[in-house]
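The structure displayed is predicted, hence computed values, not measured ones. For the numbers below, each heavy atom of this structure counts, side chains included, while hydrogens, waters and symmetry mates do not.
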Amino acid sequence: MKIRYATVSDADEIARIINAAFEIEREFRPGERTSPSEVLTSISQKHGIFLVAEDEGRLVGAVEVRVEGDAGYFGMLAVDASVRRGGIGRALVEAAEAHCRSAGCSVMTMSTGENRTELIPYYEKMGYRVAAVEPSTSPAFKYPIRVVKMEKPL
C-alpha cells in the first residue's frame, strides 16, 4: 500500500469510498456525504488536498487535509470496507499530520458528530484530545447534533 496526493482523476473513486464509509450517518445526515465535484473543489483549493491510500492500483482510502494558518485539519477519513482494520486509516492520518507539519502547522484538528461514539476512542488512541463540544450550526443535519472538536499537537 502507498499513500499519495490525489489527482483530479481520483475524484469519483474518492467520493465513492467516502460515501460508502459515511453511510452510517444517514440517521442524522440526509443524502451523500460528498460528491465528485466537491472533491474536485477541495483538490483545487490553495490550502486543501486529498491524500489517498492505494493498494495494487486500487484506491482503498482517502482523507481531506487543509492547512489553515498554523493549524492543520483533516476530515472525511474513509477506508474501503474490504480492507478496514488493517491500519490504513491510521496511515492516512499520519500522512495528513506529516503534510501539515511540513507546512508549518503546530496543531492538527478534526471534528466528528457526537453520535459517532466509536470514533472518539479511535482518535484518542492516536493522541487526539477533545477540545470542545459544540452545537452544530450546519444545515446538513436532519436534527440538531453536537460536534466534538479534537486536536493534537504536532
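- Salt-bridge formation is not detected for the pair E151/K149: no Lys NZ or Arg NE/NH1/NH2 atom is positioned less than 4.0 Å from an Asp or Glu carboxylate oxygen.
- Here the closest non-hydrogen pair linking M110 and F74 is CB-O, 3.4 Å.
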Report the C-alpha distance between E124 and R129 in whole Å, list the side-chain angles of each, state the deciding distance to 0.1 Å, and finish with yes or no for salt bridge (charged side-chain N to carboxylate O under 4.0 Å, His left out). CA-CA 6 Å; E124 286 176 333; R129 297 293 171 249; 5.0 Å; no
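- By the 4.0 Å N-to-carboxylate-O rule, E118 lies close enough to R116 to be salt-bridged with it.
- Look at K2 and D55 and you find no salt bridge, because none of the NZ, NE, NH1 or NH2 atoms lies under 4.0 Å from a carboxylate O.
- Residues L77 and L92 meet the side-chain proximity criterion, which asks for heavy atoms closer than 4.5 Å.
- Using a 4.5 Å heavy-atom threshold, the side chains of L154 and E97 count as touching.
- A salt bridge links R4 to D10: at least one charged side-chain nitrogen sits closer than 4.0 Å to a carboxylate oxygen.
- We find the CD-CD distance between E114 and E134 to be 12.0 Å, quoted to the nearest 0.5 Å.
- Side-chain atoms of I120 and V148, non-hydrogen and from C-beta on, do get closer than 4.5 Å to each other.
- The heavy-atom pair separating G113 from I145 by the smallest distance is CA-CD1, 4.2 Å.
- Rounding to the nearest 0.5 angstrom, the gap separating the CE atom in M108 from the CE atom in M126 is 10.5 Å.
- Nearest approach of C105 to G69, heavy atoms of both residues: SG-O, 4.0 Å.
- Contact between I17 and G61 at its shortest, heavy atoms only, is CD1-N, 4.0 Å.
- Note that the CZ atom of R90 and the CZ atom of R85 stand 12.5 Å from one another [nearest 0.5 Å].
- Side-chain heavy atoms closer than 4.5 Å link hydrophobic residues (I, L, V, M, F, W, Y) into clusters, and following such links, even through other members, never connects V39 to Y73.
- The ring-ring contact (aromatic ring centres under 6.0 Å, His included) check on Y5 picks up H99, with sequence neighbours excluded.
- To the nearest 0.5 angstrom, L51 atom CG is 7.0 Å from I3 atom CD1.
- In terms of modelled atom types and a separation under 3.5 Å, the side chain of T109 and the main chain of G72 share a donor-acceptor contact.
- Residues K152 and Y123 have side chains not in contact (no heavy-atom distance under 4.5 Å, counting atoms from C-beta outward).
- The side chain to side chain contact (heavy atoms under 4.5 Å, CB included) test applied to S9 returns T7, not counting sequence neighbours.
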Any chance you could lay out the side-chain contact (heavy atoms from CB on, under 4.5 Å) test for V63 and F50, step after step, and finish with the verdict? CA-CA 6 Å; V63 66; F50 267 92; 5.8 Å; no
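- Here the straight-line distance linking atom OG1 of T34 with atom CE of M76 works out to 4.5 Å at 0.5 Å rounding.
- Side-chain contact between V93 and Y128: present, with at least one pair of heavy atoms (C-beta onward) separated by less than 4.5 Å.
- Looking at E68 and R66, a side-chain N of the basic residue comes within less than 4.0 Å of a carboxylate O on the acidic one, giving a salt bridge.
- Looking only at side-chain heavy atoms (C-beta outward), I14 and V52 come within less than 4.5 Å of each other.
- The OG atom of S106 sits 4.0 Å away from the CG atom of D70 when rounded to the nearest 0.5 Å.
- Heavy atoms only, all atoms of each residue included: S111 and V147 are closest at CB-CG1, 3.6 Å.
- The two residues G89 and V79 make their nearest non-hydrogen contact at N-CG2, 3.7 Å.
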